[in-house]
Amino acid sequence: MPEACPVCGQRYEPEPGFYWGAMYITFAFSTGIMLVVGFLVYHLLHDPDTWVYVTWVAVMSILLTPLSLRYSRTLMLYLFGGVHYDPNRGSSSRRPTPSA
């Protein structure tokens, strides 16, 4: 991952350890994936054996991990990094900070 956006110069890691909080978001995504996959397996396969649940949940969790990690970091940056999307510029930019 580059240090900053090549277009606007937005730093992707505002402070050391910034993305530690993204682990909680990733945990929430993983929990949601497990619940949705379990629900779908139950209803689509008519309550199969436990090994089928474990296999489907494990495979889907592994396959969706890259998306989960990427979106958790993105959410962390947008929620706590002071970044917002500027449609006129075509890229994200920092919010202006009020001067004291």
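All heavy atoms count here, side chains included; hydrogens, waters and symmetry mates do not.
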To the nearest 0.5 Å, tell me how far [X] [atom1] sits from [Y] [atom2].
X: L44; Y: D47; atom1: CG; atom2: CG; result: 12.5 Å
X: I25; Y: L79; atom1: CD1; atom2: CG; result: 6.0 Å
X: Y53; Y: F39; atom1: OH; atom2: CZ; result: 10.5 Å
X: R73; Y: M23; atom1: CZ; atom2: CE; result: 12.0 Å

- [ ] Sequence neighbours left out, what pairs pass side-chain hydrogen bond (donor to acceptor under 3.5 Å, both in side chains) with at least one residue falling in residues 17-30?
- [x] T26-S72
Task: Any residue meeting side chain to side chain donor-acceptor pair (under 3.5 Å) with D49, in chain and number order, not counting sequence neighbours - done: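 In terms of side chain to side chain donor-acceptor pair (under 3.5 Å), with neighbours along the sequence ignored, D49 is linked to no residue.
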Task: Partner residues of S68 under the side chain to side chain donor-acceptor pair (under 3.5 Å) criterion, sequence neighbours left out - done: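 With sequence neighbours excluded, S68 shows a side chain to side chain donor-acceptor pair (under 3.5 Å) to no residue whatsoever.
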Hey, quick one: are [X] and [Y] part of the same hydrophobic cluster, counting side-chain heavy atoms closer than 4.5 Å, chains of contacts allowed?
X: F29; Y: L69; result: no
X: L75; Y: Y78; result: yes
X: L45; Y: V37; result: yes

TODO: Output all residues satisfying ring-ring contact (aromatic ring centres under 6.0 Å, His included) with H46, sequence neighbours left out; order by chain, then residue number.
DONE: none
Task: Other cluster members, F27 - Ile/Leu/Val/Met/Phe/Trp/Tyr, side-chain contacts below 4.5 Å - done: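 ILVMFWY cluster around F27 holds nothing else.
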Task: Whether over 12 other heavy atoms sit under 6.0 Å from F18 CZ - done: yes
Under 3.5 Å, side-chain donor or acceptor atoms of residues 54-67 against the rest of the protein: list the pairs with distances, not counting sequence neighbours.
residue	atom	partner	partner atom	Å
T55	OG1	W51	O	2.7
S61	OG	V57	O	2.8
T65	OG1	S61	O	2.5

TODO: With the side chain counted from C-beta on, respond yes when V52 and Y42 share a heavy-atom pair under 4.5 Å apart, and no when they do not.
DONE: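 When only atoms from C-beta onward are counted, Y42 and V52 do not touch, as no gap falls below 4.5 Å.
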